[in-house]
Amino acid sequence: MKSMVSRLLFPDPGIRPDSNELLKWPLLQPTLLDAKAPPTAQRPSHQSITTTLEFDQSFHPVVASKSCEVYCWGGGRLAPYKIELFKEGNSPLQVALGPHHFAVVTVEGELYTWTSGLPSAGMAGQLGHGSTASYKAPKRVEALVGHSIKLVACGEDFTICLDTEGQLFSFGSNYHGCLAAVDGTQMPTALLPLHVDYFTSHQVEQVSCGDAHVVALTAGPRRVYAWGCGEYGRLGLGSEDDCAMPQLVPLPAHCRPRLVTAGPDRTFVVVATGRVLGCGSNEFNKLGRNSCVSGVRQQKISYDVEYLLTLDLLKPLTRWDVRQISAGNTHSAIIDEFGRLVTFGSNADGQLGMGHFRQCQGPYSVAGPLAGQVVVKVACGDGFTVAATRDNHIYSWGRGDNGQLGVSGQMVSSETGRTSLPRPIFGSLHLVVALAARHWSVIMIAEQTLHQRKFSGIGIMKKEWAKTEAAERTDLGDSGITSLLATEGADKLQLRKDAPHLSTSGTGSVPDWLIHELADAEFIPYGTEDSQSQSTFPSTNTAEVDTFQAGSKKVSCPLCGLDMVENLRQQVAELQTQNIELQAVVRQQEMRIKTLEREQV
């Protein structure tokens with residue numbers, strides 16, 4: 001205890017332990033384990049505890065307050081504009097849109113809908129407000145108050161929403177049977193939300209809407225259901241018939257669905273292995289079904305497939321472990337486990353991000369400004385694409401004549417109104433929480449940091465120690481703490497006279513100089529999990545702690561014997577050796593390719 005307190009209150013921030021080291025101190029381990037164990041569990045011995053010692057010399061921003069905001073652009077609006085309704089106390093959680101309307105789900109489980117500002121000839125009650133009127137400002141769907149909505153999906157002229165209990169509600173046009181109402185043949189439209197009775201005994205986990213069809217994924221057992229328009233086989237039922245009620249979609253053997261996405265006229269299902277199944281229209285190869293190989297000359301190994309009536313494995317996409325997929329009118333995009341963005345389909349407007357407007361036969365891994373970037377969100381519209389990266393940048397490319405790229409006219413071609421390379425929209429202050437595109441419009445939830453301070457080594461650690469101490473005082477009382485400390489020996493209750501940085505004045509546990517430092521300091525140390533080195537932390541050893549305190553601020557740590565600089569040098573040497581080996585393998589493969597080409601000639 002004495003050595004821990006001594007290090008906590010040392011004036012030099014570089015020597016103070018971080019929060020992870022503090023919480024893994026042997027003295028605190030029994031308390032932490034008891035908190036996780038059942039009430040009857042026996043406290044383990046101190047000798048069996050091993051911990052990690054971490055050192056981090058970098059600075060990390062710690063958010064003091066943040067705000068989620070909703071932005072829209074496109075449909076004639078050339079620049080993103082903020083929807084003022086969604087502020088603190090009404091924070092947005094998820095977004096969706098159709099050709100004529102927007103929908104936003106808030107953290108409170110409420111649903112808001114409004115029109116997109118385009119001509120409202122397509123209004124058929126898809127706002128759920130009890131009429132076909134156009135509301136140009138977000139309005140809460142009062143009929144759903146009392147239901148905690150967690151997800152919404154929009155079709156061309158209807159809306160489907162999912163609550164936290166796994167139940168579906170639908171409203172809008174029922175022309176193709178997309179509302180899944182029991183009396184669907186007698187109800188052309190529903191101006192107020194209807195409960196989809198079919199899923200009363202089936203808990204729905206995901207739902208996605210195309211222009212005129214719906215796809216849902218149930219939880220336990222995980223099954224795919226589809227209903228609505230069956231043109232081009234988009235329902236995956238083996239025919240082009242419409243279905244007014246949910247139908248179980250057959251999947252290939254041993255396929256466990258993980259994600260469902262409905263495009264305007266097609267359906268994608270991502271299975272647990274990261275493979276993609278697809279059905280529906282394959283015009284422009286927007287299903288990714290066609291493929292080709294490169295040899296002496298490019299030749300197609302399969303004929304163009306116009307459409308698929310059942311879900312089939314999309315073999316050209318099997319090289320990627322797909323985690324997210326978006327489907328536009330004429331093209332599609334996927335994100336794999338490493339954040340790589342891959343596009344396929346039509347490239348007439350440069351929406352594939354290839355740097356030109358020529359057609360591409362197979363899937364294309366987007367490079368250019370996105371080379372080396374980790375993409376976290378993507379949305380495909382009518383001839384354009386919008387993507388967000390992990391470093392809080394947002395890019396758009398493709399057709400931009402209606403403002404759907406969210407950039408000024410100088411960023412796109414003045415002659416064609418389009419660009420074939422990703423162009424940035426926002427700065428680096430926005431973390432994209434949700435992103436959706438449809439037709440000529442885009443809607444996005446951006447998380448913006450309002451206030452933050454930079455931390456580096458201990459600041460949060462001190463607070464965690466204060467919380468732990470307060471918790472112990474609450475559980476044990478002052479006398480209980482005195483008894484606990486007494487078990488460490490009378491000599492451990494004395495402060496060292498050769499440690500002048502420890503203050504004994506006042507009744508507080510934190511010295512005055514440290515309080516002023518924490519209040520005024522620009523940088524407060526804070527440890528992270530990314531920069532930790534594993535070692536077994538010894539029990540409280542006063543000699544080692546004193547040696548550590550008296551030493552200079554080197555990266556090398558006498559407690560764990562780890563020289564970080566030397567370790568990095570060894571890693572660099574190993575990587576250089578691997579690079580040389582890979583270069584040799586590449587040369588061998590090139591020689592084999594040349595040999596095969598000569599044999600073919």
Side-chain angles (χ1 to χ4, degrees), residues 96-103 105 110-116 119-135 139-147 149-163 165-204 206-218 224-232 234-237 239-249 260 262 264-265 267 438:
L97 75 163
H100 304 286
H101 69 297
F102 294 106
V105 176
E110 297 177 333
L111 176 65
Y112 289 79
T113 59
W114 70 100
T115 58
S116 60
S120 57
M123 301 307 297
Q126 61 262 47
L127 300 185
H129 300 313
S131 68
T132 58
S134 299
Y135 292 85
K139 179 179 173 60
R140 184 174 64 178
V141 180
E142 299 295 339
L144 291 175
V145 173
H147 298 277
I149 304 301
K150 70 173 184 178
L151 189 147
V152 63
C154 298
E156 183 175 5
D157 49 11
F158 67 94
T159 305
I160 306 288
C161 55
L162 172 67
D163 68 4
E165 296 181 355
Q167 298 301 301
L168 288 182
F169 298 86
S170 61
F171 45 95
S173 172
N174 196 37
Y175 183 78
H176 293 284
C178 295
L179 302 187
V182 176
D183 53 350
T185 57
Q186 302 176 3
M187 182 180 296
T189 60
L191 303 181
L192 292 173
L194 297 174
H195 179 257
V196 180
D197 296 333
Y198 184 87
F199 292 103
T200 302
S201 58
H202 303 78
Q203 187 176 7
V204 179
Q206 299 175 25
V207 63
S208 181
C209 295
D211 280 350
H213 76 293
V214 185
V215 182
L217 174 64
T218 60
V224 178
Y225 292 85
W227 64 97
C229 177
E231 188 179 12
Y232 301 118
R234 68 189 75 179
L235 300 182
L237 301 176
S239 69
E240 295 187 71
D241 297 336
D242 295 353
C243 295
M245 294 299 294
Q247 303 293 321
L248 179 64
V249 180
V260 293
D265 53 3
T267 300
R438 196 71 167 269

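Note that the numbering runs from 1 along the sequence shown for the chain. Side chains included, hydrogens not; waters and symmetry mates left out as well; all remaining heavy atoms used. Source: prediction; values computed, not measured.
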Between [X] and [Y], is any pair of side-chain heavy atoms under 4.5 Å apart?
X: Thr115; Y: His100; value: no
X: His101; Y: Thr159; value: yes
X: Val105; Y: Leu151; value: no
X: Val249; Y: Leu237; value: yes
X: Phe158; Y: Ser170; value: no
X: Glu110; Y: Leu144; value: no
X: Cys229; Y: Tyr175; value: no
X: Asp211; Y: Arg438; value: yes

Short question: side chain of [X], backbone of [Y] - any donor-acceptor pair under 3.5 Å?
X: Arg234; Y: Pro264; result: yes
X: Thr267; Y: Leu235; result: no
X: Gln206; Y: Val204; result: no
X: Glu240; Y: Gly230; result: no
X: Asp242; Y: His176; result: no

Between [atom1] of [X] and [atom2] of [Y], what distance do you get to the nearest 0.5 Å?
X: Glu156; Y: Gln126; atom1: CD; atom2: CD; result: 9.0 Å
X: Leu127; Y: Leu111; atom1: CG; atom2: CG; result: 10.0 Å
X: Leu217; Y: Leu162; atom1: CG; atom2: CG; result: 10.5 Å
X: Phe169; Y: His195; atom1: CZ; atom2: NE2; result: 5.0 Å
X: Ile149; Y: Glu165; atom1: CD1; atom2: CD; result: 10.0 Å
X: Phe102; Y: Thr113; atom1: CZ; atom2: OG1; result: 12.0 Å

Mutual orientation of the aromatic rings belonging to His202 and Tyr198 [parallel < 30°, tilted 30-60°, perpendicular > 60°]: parallel
Classify the angle between the aromatic ring planes of His129 and Tyr135 as parallel (below 30°), tilted (30 to 60°) or perpendicular (above 60°).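 If you compare the ring of His129 with that of Tyr135, the planes turn out perpendicular.
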Minimal non-hydrogen separation, [X] against [Y], with atom names:
X: Gly128; Y: Val141; result: O-CG1, 3.5 Å
X: Cys209; Y: Cys154; result: CB-O, 3.5 Å
X: Ala96; Y: Ala153; result: CB-CA, 4.1 Å
X: Asp163; Y: Lys150; result: O-CE, 3.8 Å
X: Ala124; Y: Leu191; result: O-CD2, 4.3 Å
X: Ala180; Y: Asn174; result: N-OD1, 4.2 Å

Passes ring pair (Phe, Tyr, Trp, His ring centres under 6.0 Å), Phe199 versus Trp227? Steps please. CA-CA 13 Å; Phe199 292 103; Trp227 64 97; 5.7 Å; yes
Give the intermediate values and the outcome of side-chain contact (heavy atoms from CB on, under 4.5 Å) for residues Gln167 and Val196. CA-CA 7 Å; Gln167 298 301 301; Val196 180; over 6 Å; no
